[in-house]
Amino acid sequence: MNALPSFDSTPGLPKWQQPEKIAGRVVLLGLVGTAVYFWGSILPFLVDMVFDTVKLGIGLGTLFVLFLLATNKRIHAGLWYAGQRVLRSMAGIFVNTDPIGIMEDYISNTEKEARKMDAEVTNIEGAHELVKRKLAANAAQIKEYLALADSATRQGEKDAAESYAMRAAQVQDYNQRLQPMATTTANVSLVMRQILKAALRQIDGSKFKVNLLKDEYALVKRTSSGMRAAMNILRGDPDKKYFFDLATDRVAEDMAQQLGQIKQAMRYSQEFVKEMDIQNGVMSEKGQRLLDQYQKGEFNAVLNEKPQAPQSLTATKKASDDAYSSLLD
């Protein structure tokens, strides 16, 4: 067989020496050189384009988040509860929010005030003792001044006797002024001691009450935790129940859709099977008729053909030669 003609313009040259290859390389080198020459102008454009694309993505993401925050009710509820939790935690830093802790703080403050009151009562009692000692000292001083005045009178020193008598009178007046203060301090210290005893009894009762409430509260919390677990089993967590209902509805919809597709496929398959049964029945009847006619010797009549006479070997060879010659023409 003859080889196909080559369409290469220069069949004897290698590919890199062909003109279209050289032109392509020149154009490619020119483009590369242009890009290198203008790279200082292209690079800032590419950098700006990349950063603008990143900023656009961040902006779109922010708008999407804001859209969710503005439209999703579950996000609103979550943010509300989260805000309450944060504010409660911040308040717990400065204020004790535990009810048992609040009662314990109150008892602690009351005990602190009782200690201050005891210190004040001790100071008042000390002042009362000081006044009593001052009264006793003044009484002794009065006796001494009176003795001196009496001695001066017997010795005829009238001026000295008057001076000692006047001093005794001044000290007596001083004692008369101190006496109400002594009575007041005694009464105040007595009353404050009674108040302190009552306060201490109240503190002890409050401690007993708080300890009892603390134990009861701990037991109730444990019992409530167990009952909450039981109620979660019986009633279910509201959030998880919501998603469970959504999943159930989705499964039911999916099953209904698939059942519809199955029924439609079964309907189509029934129609197809019926049509095939009809065609198979027709072809079976036709084949049975052909078989009956063949068995009766009427097969050629069915085909509308006449039986051909047997040909000789020479005629058969001539027909084959004529067929090959017609193929070569």
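Worth knowing before you read on, the calculation uses all heavy atoms, side chains too, and leaves out hydrogens, waters and symmetry mates.
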Look at the side chain of S151 and the backbone N and O of A147, then say whether any donor-acceptor pair between them is shorter than 3.5 Å.
-> no
Under 3.5 Å, sequence neighbours excluded: what are the donor-acceptor pairs made by side chains of residues 253-267?
| residue | atom | partner | partner atom | Å |
| --- | --- | --- | --- | --- |
| D254 | OD1 | Q258 | NE2 | 3.2 |
| Q264 | NE2 | Y268 | OH | 2.9 |

Indicate yes or no for a side-chain donor-acceptor contact from N187 to the backbone of T183 under 3.5 Å, with no hydrogens or angles considered.
-> yes
Taking a hydrophobic cluster as the set of Ile, Leu, Val, Met, Phe, Trp and Tyr residues connected by side-chain heavy atoms closer than 4.5 Å, whether directly or through intermediates, do V191 and V131 fall within one such cluster?
-> no
Please report the shortest heavy-atom distance between V171 and N138, naming the atom on each side.
-> CG1-O, 3.3 Å
Report yes if some heavy atom in the side chain of K55 is under 4.5 Å from a heavy atom in the side chain of I58; otherwise report no.
-> no
Side-chain contact test, heavy atoms from C-beta onward, threshold under 4.5 Å: evaluate it for K197 versus R201 and give yes or no.
-> yes
For N211 and K207, indicate whether the former's side chain and the latter's backbone hold a donor-acceptor pair under 3.5 Å.
-> yes
Taking atom CD of E162 and atom CG of D159, what is their separation to the nearest 0.5 Å?
-> 6.0 Å
Other residues, nucleotides, ligands: >12 heavy atoms within 6.0 Å of Q202 CD | no
Same hydrophobic cluster for V210 and Y217, using side-chain heavy-atom links shorter than 4.5 Å among ILVMFWY?
-> yes
Can you name the nearest heavy-atom pair linking T153 to A161, along with the distance?
-> OG1-CB, 3.1 Å
Nearest-0.5 Å distance, CD of residue E113 to CE of residue M117 = 10.5 Å
State whether the number of non-hydrogen atoms from other residues, nucleotides or ligands found under 6.0 Å of M181 atom CE is greater than 12.
-> no
Could you tell me the separation between the OG atom of S206 and the CD atom of E111, rounded to the nearest 0.5 Å?
-> 9.5 Å
Flag, side chain of T122 to backbone of D118, donor-acceptor distance under 3.5 Å = yes
Polar side-chain atom of D173 near backbone of A169 as donor-acceptor pair, under 3.5 Å = no
So if you build clusters from Ile, Leu, Val, Met, Phe, Trp, Tyr with side-chain heavy-atom gaps below 4.5 Å, do M49 and F51 land together?
-> yes
Applying the 4.5 Å side-chain criterion to the ILVMFWY set and letting contacts propagate, would I195 and V121 be lumped into a single cluster?
-> yes
I142 to A168 - nearest heavy-atom pair and separation | CG1-O, 3.7 Å
Which atom names give the shortest non-hydrogen contact between S189 and E125, and what distance separates them?
-> CB-CG, 3.6 Å
Do T62 and L66 have side chains that get closer than 4.5 Å, going by heavy atoms?
-> yes
With side chains defined as the heavy atoms from C-beta onward, is the minimum distance between K214 and E104 less than 4.5 Å?
-> yes
Does A165 have any side chain to side chain contact (heavy atoms under 4.5 Å, CB included) partners at least two apart in sequence or in another chain, and if so, which?
-> A149
For A114 and L200, work out which heavy atoms get closest and say how close.
-> CB-CD2, 4.2 Å
Residues N175 and K134: closest non-hydrogen pair is OD1-O, 4.2 Å
Answer yes or no: is there an ion pair linking K209 with D204, defined by an N-O contact shorter than 4.0 Å?
-> no
Mind checking whether M166 and L146 sit in one hydrophobic cluster, side chains of I, L, V, M, F, W, Y counted as touching below 4.5 Å?
-> no
Is a side-chain donor-acceptor pair under 3.5 Å present for Q170 with Y174?
-> no
